[in-house]
Amino acid sequence: MCGIVGYTGKELALTPVLEGLRRLEYRGYDSAGIALAVNAGEKLWIEKRAGKLGNLEEILGDSVPKSHSGIGHTRWATHGGPTDENAHPHLDNEGKLALIHNGIIENYIELRAELEKRGHVFKSETDTESVAHLLSDARKSHKGDLAAAMREVCKQLRGSFTLLAIHSDEPGRIVGARRNSPLVVGVGDGENFLASDVSAFISHTKRALELGQDEIADITADSIVITDLSGKVLPHNEYEISWDASAAERGGYEHFMLKEIFEQPKAIADTLLGRITGLDGEVTKGINLDGIDKVVIVACGTAYNAGLVGKYAIEKWANISVDVELASEYRYREPAVDSKTLLVPISQSGETMDTLMAMRYAKEHGARVFAVCNTNGSTIPRESDAVLYTHAGPEIAVASTKAFETQLVAMYLLALHLGRVRGTIDKKLMVQIEAELAELPAKVEQVLETVEPLRALTRKFKDSTSMLFLGRHVGFPVALEGALKLKELAYMHAEGFAGGELKHGPIALIDEGTPVIAIMPAEGSLLAEKMASNIQEVKARGAVIIAIADAPLASADHLVRIPKTHEFLAAVLAVVPLQVIAYEMAVARGNDVDQPRNLAKSVTVE
Ligand code: AGP
């Protein structure tokens with residue numbers, strides 16, 4: 001997820017562009033850059049720097065030329081680390097066209113190869129730069145019409161994108177395009193804006209136009225033309241923004257955590273993009289998986305729970321032994337590790353010291369390292385042989401939600417890849433899993449559409465002193481994750497159990513009215529029957545059952561229905577209601593949802 005802003009109008013562009021970038025920095029802060037159109041036909045003015053926006057602002061002295069139109073970008077790195085060269089905007093070879101991008105261009109490698117054959121010289125590792133060069137050629141073939149060129153280029157792109165471009169031949173003109181990534185027009189008086197979201201320009205105007213899928217916006221200070229990819233002019237659907245500036249940063253949600261819960265379908269879709277039928281060379285080029293005889297997953301907290309789900313998929317589809325280890329414990333027991341071990345550190349931040357030290361221990365003893373990480377260029381991926389980046393975008397709330405979901409998806413993708421490489425996965429099953437993966441974003445969307453009543457239900461248990469979570473199979477790690485969410489957000493005692501473990505002690509915890517959340521295995525499965533018995537056992541002792549299930553369940557006092565999917569993928573759907581329960585409990589208890597007490601987003605100490 002990146003921050004995108006364009007300004008054209010009566011003001012000098014630098015100020016509104018910088019202000020917009022400041023408002024959008026929550027969308028990405030790996031690098032920042034600005035391009036300004038100054039004098040027609042001359043090179044564009046451009047400055048860009050790795051790191052937070054402040055690094056860029058520091059170098060913007062009085063040398064910035066006076067310009068009334070420009071574009072700016074804050075980056076959350078996906079393809080290519082957070083460096084000056086990879087920062088946006090990206091230029092064509094003449095330095096007269098600048099482009100910024102949010103999203104993922106799935107076919108950028110083939111586009112780049114074709115463009116290099118045409119003599120284009122690339123300076124970065126990004127997917128975006130391919131589009132800048134493509135647009136430059138297209139503009140020439142459209143006799144300098146930037147909007148017509150943008151329409152042609154969009155037809156050649158696969159993936160998700162918000163694009164903004166300017167050309168020095170036409171100072172004052174900005175052309176934008178979007179597909180599966182947001183772009184909104186800010187309608188001003190003698191000025192107009194384009195941005196990822198309204199927070200970039202809300203202090204200038206509350207009039208906005210939402211762009212639809214595959215639509216092009218062609219703006220100047222006093223004109224806005226919106227077309228589809230055929231060039232057909234479309235009507236303006238103008239609306240009044242009702243949010244204030246801070247609400248706009250949260251997309252209108254009360255907390256970043258709730259926004260990130262609702263971003264999960266897109267985060268999952270972006271993480272799956274181009275990977276369902278195989279992990280391309282980009283991901284696996286640095287590692288040789290021959291002769292691996294053991295997988296060890298090391299992680300902490302929520303990432304550890306994702307690893308526990310991964311164990312089921314990797315063992316079943318790749319037929320290889322998997323250990324899932326708490327990173328903080330792993331190296332201190334001096335485990336047996338050698339070159340046949342594939343170590344899989346899972347980390348959203350890529351900076352968790354426990355996970356980093358566990359990884360270093362295993363590397364020193366010969367292990368090969370395949371990381372799963374959400375933060376491009378962070379320490380763990382930098383020290384790994386290969387990395388499968390999750391594309392959840394920045395996760396601002398301390399409590400991990402969309403990162404967890406994309407870690408689960410990464411586990412399935414890794415398990416499929418290992419199954420293919422080792423020739424152990426049944427082809428029919430593989431095709432079924434691929435189909436079910438593709439449906440996950442829509443199924444998570446379905447769950448999110450039904451969670452509203454859950455918020456009221458949660459408040460019934462606001463004063464409970466404890467909540468128990470039961471699960472079996474992949475539902476067990478989901479139970480652990482649900483308990484962790486409740487602990488870290490509601491500061492309430494919570495514990496996750498394997499359903500079969502209850503009778504070995506924990507059932508003594510059940511009191512009259514104890515809330516128990518049961519994550520049900522797939523309808524009709526043997527484990528669903530076993531879990532139904534567990535529910536009877538705890539109900540008989542006074543428990544109140546909230547069941548998360550893909551089918552009706554008479555024994556549940558409250559039922560949260562989730563769609564059916566493959567038994568391993570059910571974890572992605574079952575966890576969503578648990579996230580909402582934890583969120584609502586925190587709100588009901590008046591806690592700081594996005595910054596819970598005693599916690600940090602990234603634990604960079606041991
Ligand atoms: C989960 O909600 C917490 N934010 C925490 O458990 C987190 O998952 C853990 O600290 C690991 O962080 P990482 O993924 O950045 O390594």
Side-chain angles (χ1 to χ4, degrees), residues 30 76 255-261 263-264 267 271 297-310 324-331 343-360 369-384 387-411 469 477-492 494 496 571 575-576 578-583 585-586 591-606:
D30 288 331
W76 182 262
H255 300 100
F256 274 111
M257 183 184 171
L258 194 58
K259 175 172 179 281
E260 287 155 9
I261 286 174
E263 281 175 344
Q264 292 184 125
T271 301
I297 297 170
V298 290
C300 305
T302 286
Y304 171 79
N305 294 333
L308 289 173
V309 174
V324 187
E325 302 274 354
L326 285 172
S328 54
E329 287 292 312
Y330 180 64
R331 67 190 178 110
L343 189 98
V344 180
I346 304 176
S347 176
Q348 187 287 127
S349 63
E351 301 297 348
T352 298
M353 190 54 74
D354 288 323
T355 309
L356 179 60
M357 298 312 282
M359 178 184 82
R360 285 177 177 164
V369 181
F370 199 137
V372 171
C373 186
N374 192 48
T375 308
N376 197 307
S378 55
T379 306
I380 288 174
R382 277 208 314 274
E383 297 187 13
S384 299
V387 55
L388 178 51
Y389 280 111
T390 53
H391 293 316
E395 188 173 66
I396 307 298
V398 165
S400 188
T401 51
K402 61 178 185 173
F404 176 70
E405 292 281 67
T406 56
Q407 286 161 357
L408 292 182
V409 166
M411 288 289 100
F469 295 74
V478 172
L480 296 177
E481 175 58 14
L484 174 60
K485 287 275 119 10
L486 199 62
K487 281 183 269 200
E488 64 179 327
L489 286 156
Y491 316 152
M492 177 194 281
V575 75
V576 175
L578 309 190
Q579 295 167 342
V580 172
I581 287 170
Y583 168 81
M585 196 71 88
N591 295 349
D592 182 339
V593 172
D594 287 332
Q595 304 285 340
R597 71 183 182 193
N598 311 335
L599 293 176
K601 184 58 188 169
S602 178
V603 183
T604 54
V605 293
E606 268 204 298

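Ligands are counted one by one from 1 in listed order, and the atoms in each one are counted from 1 as well. We count residues from 1, following the sequence as given. This structure is a prediction, so every number in the text was calculated from the model and none was measured.
- Looking at Arg360 and Leu356, their side chains come closer than 4.5 Å, going by heavy atoms from C-beta outward.
- Residues Thr302 and Glu481 bring a donor and an acceptor atom of their side chains to less than 3.5 Å of each other.
- For the pair Asn374/Lys402, no side-chain contact is recorded, criterion being any heavy-atom separation below 4.5 Å from C-beta on.
- Side-chain contact check for Lys259 versus Asp594: every heavy-atom pair is 4.5 Å or farther apart.
- Side-chain contact check for Ser602 and Ser349: at least one donor-acceptor pair (N or O, by modelled atom type) lies under 3.5 Å.
- Using a 4.5 Å cut-off on side-chain heavy atoms (C-beta onward), Met359 and Leu343 make contact.
- In this structure, ligand 1 sits under 4.0 Å from heavy atoms belonging to Cys300, Gly301, Thr302, Ala303, Ser347, Gln348, Ser349, Thr352, Val398, Ala399, Ser400, Lys485, Glu488.
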